[in-house]
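We count ligands from 1, going down the list as the structure has it; atoms in each ligand are counted the same way.
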Amino acid sequence: MAKSRRLLKIICAVTAILLIIIIITAVTLYYTLFKPKQPKITTQSVTLDSFSQNLGDITDLNVTLGILVTINNPNYGGFKYGNSTTYLTYRGDLVAEAPITEDSIPARGRHDVSMTVLVIGKRLITNPDFSKDLGTKVLNFTSTTTLKGKAIVLKVFKKKATTYSSCDISINIHYNNATSVCKSKVKF
Ligand SMILES: *[C@@H]1O[C@H](CO)[C@@H](O)[C@H](O)[C@H]1NC(C)=O
Ligand SMILES: *[C@@H]1O[C@H](CO)[C@@H](O)[C@H](O)[C@H]1NC(C)=O
Ligand SMILES: *[C@@H]1O[C@H](CO)[C@@H](O)[C@H](O)[C@H]1NC(C)=O
Ligand SMILES: *[C@@H]1O[C@H](CO)[C@@H](O)[C@H](O)[C@H]1NC(C)=O
C-alpha cells in the first residue's frame, strides 16, 4: 500500500515536470519562432517608363512611372492582405494612383508587385511650383503604399499587420531619367 502511494507520488511529480517543460517550450516557441511578425514592404525600384511632352505647349506632358514593390512575409504562416492603392503626390497634391489587388503570401515567401503609374501633366498646372520645376527640368514626386492584412500562424495565432513604404522620386525631364530614395515602416 505504502509502495503504490509512493509510486503514485512519483508519477504525479514526473507528470507535473513534463507539463511544465511542455508549457515552457510552447510559450518559448510562441514568443520566438511562431510569434506573428510584421510583413515588410519595400520599394525595389522606380523607373521612368515613358515621358512625352507637347512641344507647342510644354505644360502638356505625360509621365509613366514603373514602380516595383516587394512584400516579404517573415512568418511561419501565411499573410493575407486586402486591396490597396499606391498614391503618387507632387508637392503635396495627389496626382496619380495605382491599385494593388488583394492576395496572400505563403509562409516565409515574397511577392513582387509591379505597377504602372501615369501622371498627366495638365493636372499639375494648378500647383504654383509646377512652372518653376519645369524650368529646372526636375520634377519631384512621393509615392506611398500602405498594406493592411493579417498574419496567420499555425491557423490559430492571428495578428493584424500594417506595413508602409514611401519613396521620394526625382525625375529629370532633360535626361529622361529618374532616381528614388525609399523607406519602409511597420506599425504594430
Ligand atoms: C497626355 O495624355 C492625355 C490623356 O491621355 C492626352 O490627351 C495628351 O495628348 C497626352 N499628352 C502628351 C504630350 O502625350
Ligand atoms: C479587391 O479587388 C478585386 C479586383 O479589383 C475585386 O474583385 C474584389 O472584390 C476586391 N475585394 C474587396 C474586399 O474589395
Ligand atoms: C528634388 O529632389 C532632389 C533629390 O532628392 C533634391 O536634390 C532637389 O532639391 C529636389 N528639388 C525640389 C525642387 O524639391
Ligand atoms: C541622368 O542622366 C545624366 C546623363 O547621363 C546623368 O548625368 C544624371 O546623373 C542622371 N540623373 C539621374 C537622376 O539619374
- For ligand 1, which part of N62 has a heavy atom less than 4.0 Å away: the side chain, the backbone, both, or neither? side chain
- Item | Under-4.0 Å protein heavy-atom contact, atom 11 (N) of ligand 1 | yes
- Query: L118, F130: one ILVMFWY side-chain cluster at the under-4.5 Å cut-off?
  - Reply: no
- Exam field: side chain T64 to backbone D49, donor-acceptor pair closer than 3.5 Å: no
- Message: Give me the nearest non-hydrogen protein atom to atom 5 (O) of ligand 2 as residue plus atom name, then the distance to 0.1 Å.
- Response: N83 ND2, 4.7 Å
- Message: Looking only at protein heavy atoms, which one is nearest to atom 9 (O) of ligand 2, and what is the separation?
- Response: E102 OE2, 4.5 Å
- Note the single closest protein heavy atom to atom 4 (C) of ligand 2, along with its residue, its atom name and the distance in Å. T101 CG2, 4.2 Å
- Message: What protein heavy atom lies closest to atom 6 (C) of ligand 3? Include the residue and the distance to one decimal.
- Response: N140 ND2, 4.2 Å
- Message: Please identify which of these residues, V117, T89, V119, meets the side chain to side chain contact (heavy atoms under 4.5 Å, CB included) condition with F141.
- Response: V119
- Task: For the pair R91 and D93, find out whether any cationic side-chain nitrogen is under 4.0 Å from an anionic carboxylate oxygen.
- Result: no
- Message: Would you say L48 ends up clustered with L134 if hydrophobic residues are merged whenever their side chains have heavy atoms under 4.5 Å apart, either directly or through other cluster members?
- Response: yes
- Counting only heavy atoms not in K183, do more than 12 fall under 6.0 Å of its NZ? no
- Which residue and heavy atom of the protein sit nearest atom 14 (O) of ligand 1, plus the separation: S52 OG, 2.9 Å
- Heteroatom distance test (N54, ligand 1): nitrogen or oxygen, under 3.5 angstrom: no
- Fit a plane to each ring of H111 and Y81, take the angle between them on a 0 to 90° scale, and name the class: parallel (under 30°), tilted (30 to 60°) or perpendicular (over 60°). perpendicular
- So which heavy atom in the protein is nearest atom 13 (C) of ligand 3, and how far is it from that ligand atom? R91 NH2, 3.2 Å
